[in-house]
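Let me begin by presenting the structure, written as structure tokens, before commenting on it.
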Amino acid sequence: MKKSNVQRSTFKVFLAFTFAICIFQFAISNNAFAMLTAKANHDHITIDFFYHGSTVSVRGISDPGVDLVIKLTSPEGDQELKQKGKVAGVLWMNVGKMKFEKTPNFYEVFSTKKVEEILSREEMEKYVIGYSALAKHVDITPVANEEEKEKWFGEFVKFKEASKVYTTSFGNIKTTMNADGKQEYYILTDWPYQAQPGDYLVSVYAVKDNKVIEQAQSKVNVEQVGMVKTLATMAKNSPAVYGFLAIGVALGAGVGVSMVFRKGGGSH
């Protein structure tokens with residue numbers, strides 16, 4: 001009987017010891033895979049009458065010796081662009097529409113080095129990092145083949161870059177080592193006024209040996225406020241009322257300008 005009690009006690013001690021080891025290993029593993037952090041310090045941008053864009057900074061901590069990729073994107077959606085072509089071989093006119101599906105309206109990628117140098121093609125496509133990966137991800141119709149798709153995607157990117165809502169660059173992420181031997185990173189980027197209201201995702205990737213080894217995320221919210229929000233809501237929900245209001249404002253402005261010029265002419 002005593003021997004049985006001793007065996008039970010020994011077994012309980014063994015179970016408790018094993019459980020403690022598992023908890024310790026889990027804690028170490030969790031710390032190892034949760035090192036990367038990301039914080040957008042200007043995560044709520046408000047649009048009013050005086051809004052002309054803003055800035056957004058992203059900072060965080062990573063393991064030393066890793067490269068970093070920072071991607072800022074809006075939710076994916078469908079977009080249409082007018083397709084221009086020559087009619088009768090003479091006039092350039094709208095000849096149709098190109099539909100771009102699964103495309104973000106806003107897409108920015110920053111990296112410590114060229115993404116093609118630090119990531120394999122498979123990893124780029126997996127995480128949709130870089131224009132070449134985005135081109136694979138996007139569906140474009142109508143196109144006859146991959147060559148035509150590549151052509152129209154290139155035109156799409158040119159249009160978005162001209163609108164200040166697409167960009168890719170490298171070498172502009174600042175990194176330093178802190179007292180704990182961890183790598184701190186920081187980037188400050190202009191936020192264009194062309195970026196539409198909504199929620200934007202900030203994704204940070206730690207890269208080593210051509211693979212993404214960690215991810216962290218943050219968010220940026222862009223919101224219309226005050227009279228800008230009121231007018232935008234009116235234009236969406238009551239377009240007729242908004243139209244009459246716009247005509248009234250235009251007429252009022254015209255009358256005001258004419259009165260100013262009349263006074264100016266009468267003074268001579």
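Keep in mind it's a predicted model, so treat the numbers as computed, not measured.
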Report summary line: Shortest non-hydrogen pair, P142 vs K97, comes out as CD-O, 3.6 Å
Query - From CA spacing to verdict: ring pair (Phe, Tyr, Trp, His ring centres under 6.0 Å), W191, Y51 - result: CA-CA 11 Å; W191 189 267; Y51 177 75; 9.3 Å; no
Query raised in the report: If we only count heavy atoms from C-beta on, is the E223 to H44 side-chain gap below 4.5 Å?
Result: yes
Query raised in the report: Are any of the side-chain nitrogens in E155 or K158 under 4.0 Å away from the carboxylate oxygens of its partner?
Result: yes
**Report entry** CD1 on I118 to OH on Y205, rounded to 0.5 Å
**Finding:** 12.0 Å
Report summary line: Separation between OH (Y131) and NZ (K160), nearest 0.5 Å, reads 11.0 Å
Report task. Dump the intermediate steps for side-chain contact (heavy atoms from CB on, under 4.5 Å) on Y127 and Q215, then the final yes or no. Result -> CA-CA 10 Å; Y127 297 99; Q215 295 182 64; 3.3 Å; yes
**Report entry** Heavy-atom donor-acceptor pair, D180 side chain to K182 backbone, under 3.5 Å
**Finding:** no
**Report entry** Cluster link V138 to V165, ILVMFWY, side chain under 4.5 Å
**Finding:** yes
Query - I129 CD1 to E116 CD distance, which is reported to the nearest 0.5 Å - result: 11.0 Å
Requested in this report: Tell me yes or no: between the side chains of Y200 and E108, is some donor less than 3.5 Å from an acceptor?
Outcome: no
Requested in this report: For D67 and T112, run side-chain hydrogen bond (donor to acceptor under 3.5 Å, both in side chains): C-alpha distance rounded to whole Å, both residues' side-chain angles, the deciding distance at 0.1 Å, then the answer.
Outcome: CA-CA 6 Å; D67 283 299; T112 49; 2.8 Å; yes
Query raised in the report: Out of curiosity, L119 CG to K113 NZ, how far, rounded to the nearest 0.5 Å?
Result: 11.5 Å
Query - D199 and N221, any side-chain heavy atoms less than 4.5 Å apart - result: yes
Query raised in the report: Hey, is the main chain of K211 close enough, under 3.5 Å, to the side chain of D209 for a donor-acceptor pair?
Result: no
Report summary line: Shortest non-hydrogen pair, Y186 vs S57, comes out as CE1-CB, 3.7 Å
Requested in this report: Look at the side chain of K99 and the backbone N and O of D139, then say whether any donor-acceptor pair between them is shorter than 3.5 Å.
Outcome: no
Requested in this report: Taking the side chain as every heavy atom from C-beta outward, state whether Q217 and S203 have any pair of such atoms under 4.5 Å apart.
Outcome: yes
Query raised in the report: Do F156 and Q79 touch side chain to side chain, with heavy atoms closer than 4.5 Å?
Result: yes
Query raised in the report: Shortest non-hydrogen contact from T73 to K71?
Result: CG2-CG, 3.6 Å
**Report entry** K149 atom NZ, neighbour heavy-atom count above 12 within 6.0 Å
**Finding:** yes
Query raised in the report: Does a sphere of radius 6.0 Å around CD in E80 hold more than 12 heavy atoms from other residues, nucleotides or ligands, not counting ones at 6.0 Å or beyond?
Result: yes
Query raised in the report: Below 4.5 Å, heavy atoms only, C-beta onward: do L36 and L68 meet side chain to side chain?
Result: yes
Query - Heavy-atom side-chain proximity of W152 to L81 below 4.5 angstrom - result: no
Query raised in the report: More than 12 heavy atoms of other residues, nucleotides or ligands under 6.0 Å from CD of E148: is that the case?
Result: yes
Query raised in the report: Just by modelled atom types, is the M35 backbone N or O under 3.5 Å from a matching donor or acceptor in the E214 side chain?
Result: yes
Report task. Verify whether one side chain among N105 and S74 offers a donor that lies under 3.5 Å from an acceptor in the other. Result -> no
Query raised in the report: From E150 CD over to K136 NZ, what is the distance, rounded to the nearest 0.5 angstrom?
Result: 9.0 Å
Report task. For residues Q196 and V222, determine if any side-chain heavy atom of one lies less than 4.5 Å from a side-chain heavy atom of the other. Result -> no
Report task. Say whether, by atom type as modelled, one donor and one acceptor occur between the side chain of D190 and the main chain of P192 under 3.5 angstrom. Result -> no
Query - Same apolar cluster (I L V M F W Y, side chains within < 4.5 Å links), F170/V109 - result: no
Report task. Hey, could you give me the CE/CG distance between M124 and N210, rounded to the nearest 0.5 Å? Result -> 11.0 Å
Report summary line: Shortest non-hydrogen pair, G181 vs P64, comes out as O-CG, 3.5 Å
Query - Side-chain donor/acceptor of Y107 to backbone N/O of G130, under 3.5 Å - result: yes
Requested in this report: Test V56 against every option in L188, I45, I187 by the side chain to side chain contact (heavy atoms under 4.5 Å, CB included) rule and name the one that passes.
Outcome: I45
Requested in this report: Among I173, V204, T189, find the residue that satisfies the side chain to side chain contact (heavy atoms under 4.5 Å, CB included) test when tested with V58.
Outcome: V204
Report summary line: In T168, T167, V115, V69, the residue satisfying side chain to side chain contact (heavy atoms under 4.5 Å, CB included) with F110 is T167
Requested in this report: Heavy atoms only: give me the nearest Y166-P104 pair and the separation to one decimal.
Outcome: OH-O, 2.5 Å
**Report entry** Backbone of I61 reached by a side-chain donor or acceptor of T37 within 3.5 Å
**Finding:** yes
**Report entry** Nearest atoms (heavy-atom pairs only) where D63 meets V66
**Finding:** O-CG2, 3.1 Å
Report task. Please answer whether the main-chain N or O of V212 pairs with a side-chain N or O of E123 as donor and acceptor at a distance below 3.5 Å. Result -> yes
